Amino acid sequence: MKRLVVLAVALVTALSASAQQADGGISEAMLKNIRQNHQTSEAEKAARNALALNPIAELATNADNLAMIDTHFSHRVKTKGITDQQQSGRCWLFTGLNVLRAKMIDDLDLQEMEFSQNYLFFYDQLEKSNLFLQAVIDTKHLPMEDRQVEWLFKNPLNDGGQFTGVSNLVMKYGVVPSEVMPENYQSNNTAQVGNLLKLKLREFGLKLRNQRDRRAPIALKEEMLGEIYSMLVRAYGVPPTEFDWTRKDKEGNPVETKHYTPKSFYAEFFGDIDLEKDFVMVMNDPSREYHKVYEIEYDRHVYDGDNWVYLNLPIDEVKALAIASIKDNTAMYFSCDVGKFLLSKKGTLDINNFDYESLMGVEFPMNKEERVRTFASGSSHAMTLIAVDLDSEGNAKKWMVENSWGPAAGWKGNLIMTDEWFEEYMFRVVVDKKYIPAETLKLLDEKPIMLPSWDPMFAPEN
């Protein structure tokens, strides 16, 4: 027996050694060659000295591109006001509500309007908690080491999201004006409450997996959601079920006061708009086949709602849809990789804002498809697309989005992007079906290609 154990250990050792290449490490000879091939120059030394004392973003700022971009736009949606998500990941919610806000302000010629993000965020966190707990029940038959179960416990809750969250939540819970359920410290700073909720949900998830009492899992889940609800009330307040609201004209004069529920308020001012049925999320993801429909599992905010489904189109087709919408004075939910080449001082997104290659002495040649495949780029932030500047032939020169970082951020609260940046770092836009050609809409009749929860395109927008 002892001989067999020794042989087994030797076999495992041999297999481990064979899996590791003998010359796979950095040898002394390799390091010597690397050192000898490194060329030291005056320019390299100057760059090294500068990097030792300054942020890369400041050193890489392209001095040839410091002049402010032209702020004229040939076509711009009528909007008023800039919102501020502060220290929270609710850009998706601010963006979706800002799209609705722009329409209501224009339709009623209002002086101002803002919907309560806190109201819908309360239900977002409750619904996501239910989504996690029910998913745990649905996957109880799988081992804890299963990748789907592992993903669930790693991601029980977050404050980020997608347009599907906006559409499902609004159609289920309606909307209320901001003054009916205003922001508070916790809604503006969501991290600490979120961490406590995640800790509680993981505890509940284990209890559901290891359940030994005779109660039905649904009954136990309802008890757990009662605790989550109480935590949310303490953090964000009690969401209203009815309220009075006075509509005012553009001069601020009262027009009428009426009694509403959140759903009747939405029905009165947006009754003909079904966010779940009338809009299509369009993606430009060159790493996947175009003119196909994709769906991401568990990528939803509401368990009985919709997974994120998107139509993948070439960039020129996406631009055509966006231009048609803006020309018709209709704002859009838009998301992109906002951190790339953003010059905050000017509020511009321009691939010429920074020259990292000259500073570091190397090239960065990956294209959009390669960046997506290697996780170097992906959608990270949602904003409201409101303007495009077209040349005499109808081609886009630049675009503008209304951001949710407050009026002092960017250019008057907005970000202006060059068309070249748009092509490289724009990922999603949600378009009303009426702007989509019939032959393109037919693609939605195809059964979506299901992608797993951990697909890189799932990452929530913050």
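Computed from a predicted model, the values in this text were never measured in an experiment.
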Colleague: Do any pairs count as a ring pair (Phe, Tyr, Trp, His ring centres under 6.0 Å) and have a residue in residues 80-99, sequence neighbours left out, and if so which ones?
Modeller: W92-H301
Colleague: Q148 and T139: side-chain hydrogen bond (donor to acceptor under 3.5 Å, both in side chains), yes or no, with the steps?
Modeller: CA-CA 8 Å; Q148 183 66 75; T139 58; over 6 Å; no
Colleague: Please collect all side-chain hydrogen bond (donor to acceptor under 3.5 Å, both in side chains) contacts where either partner lies in residues 222-238, sequence neighbours excluded, each pair once.
Modeller: R215-E223
Colleague: State which residues pass side-chain hydrogen bond (donor to acceptor under 3.5 Å, both in side chains) with D107; sequence neighbours excluded, sorted by chain then number.
Modeller: K103
Colleague: Please name all residues satisfying ring-ring contact (aromatic ring centres under 6.0 Å, His included) with F279, sequence neighbours left out, ordered by chain then number.
Modeller: none
Colleague: Test: ring pair (Phe, Tyr, Trp, His ring centres under 6.0 Å). Region: residues 426-448. Which pairs qualify, not counting sequence neighbours?
Modeller: none
Colleague: Run the ring-ring contact (aromatic ring centres under 6.0 Å, His included) test against Y266 and tell me which residues pass, sequence neighbours left out.
Modeller: F270
Colleague: Restricting to side-chain hydrogen bond (donor to acceptor under 3.5 Å, both in side chains), what partner residues turn up for N155, sequence neighbours left out?
Modeller: none
Colleague: Not counting sequence neighbours, which residues clear ring-ring contact (aromatic ring centres under 6.0 Å, His included) with F354? List them please.
Modeller: Y356
Colleague: Applying salt bridge (Lys or Arg N to Asp or Glu O under 4.0 Å), can you list everything that pairs with D285, at least two apart in sequence or on another chain?
Modeller: R288
Colleague: Please list, chain by chain and in numerical order, all residues satisfying side-chain hydrogen bond (donor to acceptor under 3.5 Å, both in side chains) with S377, sequence neighbours excluded.
Modeller: D337
Colleague: Please enumerate all residues that pass ring-ring contact (aromatic ring centres under 6.0 Å, His included) together with Y123, with sequence neighbours excluded.
Modeller: Y119, Y173
Colleague: With sequence neighbours excluded, tell me which residues meet side-chain hydrogen bond (donor to acceptor under 3.5 Å, both in side chains) with Q134.
Modeller: D138, K221
